[in-house]
Amino acid sequence: MNKKPARKSIRLKSYDYSTAGYYFVTICTKDRNCLLGEISHQGMQLNEAGRMINKIWNELPEYYPNVSIDAFAVMPNHIHGIVIIESAENVGAGPRACPEHLGATNGHPQGGAPTDKTMSLPDVVHRFKSLTTNEYIKGVKQNSWKPFNKKLWQRNYYEHVVRNDTDLTETREYISNNPVKWHLDKYNPEIPVNQGE
């Protein structure tokens, strides 16, 4: 009987991803298929699926009391975003909590239907993937969206712990500028492997 090789984790082994802080994440569609829209001279043009992805991302703080969001971009085959995990004692207590009081954010945590469970970063990514996959399946069945092969998203995702104000500013700029740099993007399927690094 053939055993599948153990999947290598890209998470930091000793890091607690429920720790309050800012986290930059990149999540790619499976096989990097361009399912979420296209880049034109006007920038990123979201299709219906891309608009659904954008909506679900923006609604995350309404359902998870210790989760807030910051900069975000939907690209043709991946998303970039900053997730803010707040400490349990600071949930709903004013401006978003973050170690070292990282730069200004977009205001206060949003209200909604809170749950009792505080979320870690892997929890947030898992919920995001599940919610968007379910909605995408509905779109395929009801609106003839382009189907995907078995999974909408790749199994893993890239994350980076934002460490200070400079890092936060640079990360926000990277997310904001991503559409205009699509022709150089390593996730662009039209660029030969390693050329877009």
> Is a donor on one side and an acceptor on the other found under 3.5 Å between the side chain of Asn178 and the backbone of Met75?
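No, because the side chain of Asn178 does not come within donor-acceptor range (under 3.5 Å) of the backbone of Met75.
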> Side-chain donor-acceptor pair under 3.5 Å between Thr26 and His80, yes or no?
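Per modelled atom types, Thr26 and His80 side chains form a pair under 3.5 Å.
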> Under 4.5 Å between side-chain heavy atoms, counting indirect links through other Ile/Leu/Val/Met/Phe/Trp/Tyr residues: same cluster for Ile39 and Val180 or not?
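As far as the 4.5 Å side-chain criterion goes, Val180 and Ile39 are not connected within one cluster.
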> Closest heavy-atom contact between Phe72 and Gly81?
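For Phe72 and Gly81, the tightest heavy-atom pair comes out as CD1-CA, 3.9 Å.
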> So which heavy atom on Asn54 is nearest to which on Leu46, and how close?
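Smallest heavy-atom distance, with atoms named: CB-CD1, 4.3 Å.
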> How about Pro189 and Arg32: do any of their side-chain heavy atoms sit closer than 4.5 Å?
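Pro189 does not reach Arg32 side chain to side chain.
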> Of the options Thr171, Asn164, Ile84, which is the one that meets Tyr22 in a side chain to side chain contact (heavy atoms under 4.5 Å, CB included)?
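Of Thr171, Asn164, Ile84, side chain to side chain contact (heavy atoms under 4.5 Å, CB included) with Tyr22 is met by Ile84 alone.
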> Atom CD of Glu170 and atom CD of Glu173: how far apart are they, to the nearest 0.5 Å?
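Output value for this atom pair is 7.0 Å.
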> How close do Ile175 and Ile82 get, counting heavy atoms only, and between which atoms?
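Looks like CD1-CG1, 3.8 Å.
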> Does Asp123 use its side chain to pair, donor to acceptor, with the backbone of Ser120 at less than 3.5 Å?
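Side chain of Asp123 to backbone of Ser120, a donor-acceptor pair under 3.5 Å: yes, one is there.
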> Between Glu135 and Met52, what is the shortest heavy-atom contact and its length?
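Between these two residues, the closest heavy atoms are CB-SD, 3.6 Å.
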> Is the side chain of Asn188 donor-acceptor paired with the backbone N or O of Glu190 at a distance under 3.5 Å, no angle test?
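Indeed, once roles are kept as given, a pair shorter than 3.5 Å links the two residues.
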> Is there a side-chain contact between Trp145 and Glu48 (heavy atoms, below 4.5 Å)?
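Contact flag for Trp145/Glu48 side chains = yes.
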> If you round to the nearest 0.5 Å, how far is CE of Met119 from CD1 of Ile85?
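The CE atom of Met119 is 7.5 Å from CD1 of Ile85, to the nearest 0.5 Å.
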> Does any donor atom in the side chain of Gln154 or Thr29 lie under 3.5 Å from an acceptor atom in the other side chain?
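No - no donor-acceptor pair under 3.5 Å links their side chains.
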> Compare every heavy atom of Leu36 with every heavy atom of Ala49, then report the nearest pair and how far apart it is.
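That would be CB-CD2, 4.3 Å.
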> Would you say Pro76 and Met44 make side-chain contact, with heavy atoms under 4.5 Å?
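Side chain of Pro76 against side chain of Met44, heavy atoms only: contact under 4.5 Å found.
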> Can you find a heavy atom in the side chain of Asp70 that is under 4.5 Å from one in the side chain of Arg172?
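In short, these two side chains touch, coming nearer than 4.5 Å.
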> Counting N and O atoms only, with roles assigned by atom type, does the side chain of Asn77 sit under 3.5 Å from a partner on the main chain of Cys34, one being a donor and the other an acceptor?
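No; judged by distance alone, with no hydrogens or angles, the pair does not exist.
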> What are the two closest non-hydrogen atoms of Tyr63 and Glu59, and how far apart are they?
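What the structure gives for the nearest pair is CD1-O, 3.3 Å.
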> Relative to each other, are the rings of His78 and Tyr187 parallel, tilted or perpendicular (30° and 60° limits)?
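His78 and Tyr187: tilted rings.
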> Passes side-chain contact (heavy atoms from CB on, under 4.5 Å), Leu121 versus Thr19? Steps please.
CA-CA 9 Å; Leu121 182 66; Thr19 300; over 6 Å; no
> Side-chain contact test, heavy atoms from C-beta onward, threshold under 4.5 Å: evaluate it for Val83 versus Trp57 and give yes or no.
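They are in side-chain contact.
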> Can you check whether Phe148 and Trp153 have ring centres sitting under 6.0 Å from each other?
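Ring centroids of Phe148 and Trp153 are no less than 6.0 Å from each other.
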> Drop me the distance from Glu38's CD to Gln45's CD, to the nearest 0.5 angstrom.
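Glu38 atom CD to Gln45 atom CD measures 7.5 Å (nearest 0.5 Å).
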> Should Glu86 and Thr118 be marked as a side-chain contact (heavy atoms from CB on, under 4.5 Å) after you check the CA-CA gap, both sets of side-chain angles, and the distance that decides it?
CA-CA 9 Å; Glu86 300 174 30; Thr118 56; over 6 Å; no
> Please list, chain by chain and in numerical order, all residues satisfying side-chain contact (heavy atoms from CB on, under 4.5 Å) with His126, sequence neighbours excluded.
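Checked His126 against side-chain contact (heavy atoms from CB on, under 4.5 Å); matches are Ser130.
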> Considering only heavy atoms from C-beta outward, does the side chain of Val124 approach that of Tyr64 to under 4.5 Å?
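The answer is no, as the side chains (C-beta and beyond) never meet within the 4.5 Å cut-off.
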> Has the side chain of Lys55 got a donor or acceptor atom that lies under 3.5 Å from a matching backbone atom of Gly50?
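Between the backbone of Gly50 and the side chain of Lys55 there is no qualifying donor-acceptor contact (under 3.5 Å).
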> Do the non-hydrogen side-chain atoms of Tyr157 and Cys28 ever get within less than 4.5 Å of each other?
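Of all side-chain heavy-atom pairs linking Cys28 with Tyr157, none is under 4.5 Å.
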> Are side-chain heavy atoms of Phe128 and Ile79 found at a separation under 4.5 Å?
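They are in contact (side-chain heavy atoms under 4.5 Å apart), so the answer is yes.
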